[in-house]
Amino acid sequence: MPVQVIDGTPENLLPSHLQKVDLKYLQMGCDQANKYFQGTVILSYPLTKLVNGTEFFKIVLQENSCSKTSTINVLFFGRLAGDCGKVVHQGDTMVVAGFNVAKSPSANEDNRHCCHLEVSEDAGSAVYIYAKPSIVTASETPVAPKYTYTPLNHLKGGTIVNLYGAVKFFKPPYISKGTDYCSVVTIVDQSNVKLTCTLFNGNLDALPKIYKIGDIVRFHRIKIREYNNQMQGITGIGFASLTFDGTVGAPIVPRTSSKSYSFTEEEQKTIEELRTWAASNLLVCEPTAKLSGVQPMLFFDLTCQLVGKAEVDGSSFLLKVWDGTKCPYPSWKVLVEESDLEGDKVLICRLRNLIVDILVYDNHVKLAKSLKVGSFLRIYSLHTKQASAENQPNVSYVEFHLHGGTCYGRGIRVLPENNPDVKELKAFMDSVNLTEFQNVESMSSMELDGIFSNLSRKILTDHQHLDDTALNTILNSSVPQQYRIRAKLRTFKPEKLYQSVKLYCSKCNSLQEVPNDDDFDLILRDCAATAPNPEVHNSLWYDSAVWDTENQGQRKIAVHFVKHDELLQEPEDTLIMVQGATLKEIRKLSRRFKCIIPVRSTKEDLELLDLSAPFLLQGKIWHYGCKQCSNQKTIQNLSSLAEEEPSWEPTEIAQVLGIEPLQYVFVMKFTLDDGTGALDAYLFDYEKFFQIPASEVLTSSLLQEKMEMIMNILCPPGTKLDDLPWLECFIKSYNVKDGMEQQVCYQIYDTVVAEDVI
DNA sequence: TTAGGATTCG
């Protein structure tokens, strides 16, 4: 008898040769002949027939374990389907033996086991059903609780009913002023009567998981009462809900936190009918948009991923999000202390041109704080506001606000990873070519204008808690001290901004000019005069290749490829040592190889060139070492860095080579004036102030233009002192000994040009 | 208890 209904518990009643299999060990291709699976029936679908006339029946079994995927679909075919379909109840314990295991086509959607079980007489299956004690098993017909659903035009105050409806409006769950989460949901059905329900629960998961207008909900045991001459639904004891995607034709997979729930064929029909009705009767004008489609002055719903978050103040909180597309307008950047920003800094930097900053206010702050970086969100009724800079009203940028309150469903909802919109978003994000957006050089000049227009407001400091001090007070005060000041930038030096870039040695505090290309070219030519020594070619840690040059006499170029354990070595990860090449050839090589170390050969070994030349070239960045502080070691030491995946950090390379690296810095003199007095303050900065790395300015005309624009805004040429913009910055005073004399100097510190230059 | 739909201070 392939189907047996047994009263009681499974133990000791099964044939002794059968062994129990756990879902976590279940996989395709294993012999299941002597295995059985036991689980509780949590869902059964209506008995139906396949196209070929075979009877078909599907249930979901839940394993009584705490493993993550604890449910599995079980498909019955033929006579077994008919037999089981007639006697199975929700809550029954079922044992299936002699099944086939196949890949579940719906695993992605239903989150159940990646395989399903196929049960049929042909496969030699046997099914044992241990009826739930509370159900009288003598009965031949299934006993499932029968729910009746009240149409929305038949509601009476003071009753508790079951309802179906299409969501016409909703507020995603928010933290109420009481003890619970609250969600307000307005539903409508074919009677065209709508009902607004106010739902409370201390557990966020117990509230309906509505993601968009048009979703279908089923409410069980909702209390109906009258409020303001209208019917109102409210949560009562035993309230439960299921939510379904409202799209016609989409899989009917209930979203619920209930472990078990009833679901019948009739109800499936109800949902399909409601979907069809809603499609033509519910105005679903979704205000969703991608960032690429945002318009200023708009409210819309944004589906995005959270990449960073930071507290701004008690009533506002910053969310950094992206959706894979680029906002067509310059957007604001909210300045926060870097230490306050939670999220992967490297990722935030990589995505910087795709990320938008959203400020959420008041009641949304608490929820925003609890969000996990990396999660997918839908932010409802997000407001884009157009703003423009004070002195350039024709150039505007966009601010993103989630205002306080819950009007129009304003709020934030975390979307699960299996949500179809999230899946689509992830796939899109994976396809985005990030390099296209990483480079500031990919920005149009209009965008740059827009971004820099923000700068006109002021220079911002990291220390907002200090009060401003007048310059004459500073001039008459003891040294050293730190101040916040408000002043105008009367003049600055050097006027040619590229001249502000210097090389600095943090060990001996020396500053030097950046050597020019011609000097380097001369050194290279000098080296190329001596042919590479073949005896030092190919060693344990590098492979060598030599090329002859055409029409250039005897000059040979040797390239030594440093080996590492990676099987496939990409040029962009490779360090090469080059000998005999000209500057032009080195530039060409540096477009392809991650790191280049110019070398020459002695009788015994390869060695570095004179430190007037860069010791390392990484793309456009040339790294120099301090002649005074370096204590050069043999080039053999490089082999210690050639691991499996060497990162080729310039600092590490410098260290093993005994080189004290020089840093690129901006050195400028600002003459500041606040009406009470004037003083010269030095700016000494690597990249923080302008948000431009000093190391890249000399080789990028765009970055030079960018700097020029910033300075033009801080100190517009030909402007009278009165008309100059006010700047806020931090300065500190200190003493410098000049021979026998003490001199007081001022330096700008911890100051950043607002607001987005990144 | 909370909220009871109905945009924008930032």
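Below, chains carry the letters A, B, ... as their sequence lines are ordered, and counting in each starts from 1. Bear in mind that the values here come from a model prediction, so they are computed numbers and not experimental data.
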Side-chain donor-acceptor pair under 3.5 Å between [X] and [Y], yes or no?
| X | Y | answer |
| --- | --- | --- |
| A/Tyr749 | A/Gln482 | yes |
| A/Thr243 | A/Lys209 | no |
| A/Asp301 | A/Thr303 | no |
| A/Tyr329 | A/Gln386 | no |

Per [X] side chain, nearest of listed nucleotides [options]:
| X | options | result |
| --- | --- | --- |
| A/Lys177 | B/dT2, B/dG5, B/dC9 | B/dT2 |
| A/Arg410 | B/dG10, B/dT7, B/dT2 | B/dT7 |
| A/Tyr227 | B/dG4, B/dA3, B/dG10 | B/dG4 |
| A/Lys171 | B/dG10, B/dT7, B/dG4 | B/dG4 |
| A/Phe200 | B/dG10, B/dT8, B/dA3 | B/dA3 |
| A/Ile234 | B/dA3, B/dT2, B/dG10 | B/dA3 |
| A/His401 | B/dA3, B/dG10, B/dT1 | B/dG10 |
| A/Lys194 | B/dT2, B/dG10, B/dA6 | B/dA6 |
| A/Ser381 | B/dG10, B/dA3, B/dT7 | B/dT7 |

By the 4.0 Å heavy-atom rule, please label [X] as base, sugar-phosphate, or nothing.
| X | result |
| --- | --- |
| A/Phe400 | nothing |
| A/Ser316 | nothing |
| A/Gly405 | nothing |
| A/Asp362 | base |

**Message:** Tell me if the aromatic rings of A/His383 and A/Tyr361 count as close, with their centers under 6.0 Å from one another.
**Reply:** no
**Prompt:** Within less than 4.0 Å of OP1 or OP2 of B/dG5, is there a side-chain N or O belonging to A/Lys168?
**Reply:** no
**Request:** Fit a plane to each ring of A/Phe300 and A/Phe400, take the angle between them on a 0 to 90° scale, and name the class: parallel (under 30°), tilted (30 to 60°) or perpendicular (over 60°).
**Result:** perpendicular
Atom-pair distance ([atom1] on [X]; [atom2] on [N]), nearest Å:
| X | N | atom1 | atom2 | result |
| --- | --- | --- | --- | --- |
| A/Asn228 | B/dG4 | CG | C1' | 7 Å |
| A/Asp180 | B/dA3 | CG | C1' | 11 Å |
| A/Leu382 | B/dG10 | CG | C1' | 14 Å |
| A/Gln295 | B/dT8 | CD | P | 21 Å |
| A/Tyr397 | B/dG10 | OH | P | 11 Å |
| A/Lys223 | B/dG4 | NZ | P | 17 Å |
| A/Asn363 | B/dT7 | CG | C1' | 13 Å |

**Asked** For DNA chain B, whose closest nucleotide is more 5', that of A/Ile175 or that of A/Leu402?
**Response** A/Ile175
**Request:** Look at the side chain of A/Thr186 against the base of B/dG5 and say whether a donor-acceptor pair falls under 3.5 Å; ignore hydrogens and angles.
**Result:** yes
**Message:** Quick check: any donor-acceptor pair below 3.5 Å linking the side-chain of A/His383 to the base of B/dT8?
**Reply:** yes
**Request:** Would you check if A/Phe299 stacks with the base of B/dT7, given a 5.5 Å centroid limit and a 30° plane limit, both strict?
**Result:** yes
**B/dA6 pyrimidine/purine six-ring stacking with A/Tyr408, under 5.5 Å and 30°** = no
**Prompt:** Taking atom P in both B/dT8 and B/dG4, what distance in whole Å separates the two?
**Reply:** 14 Å
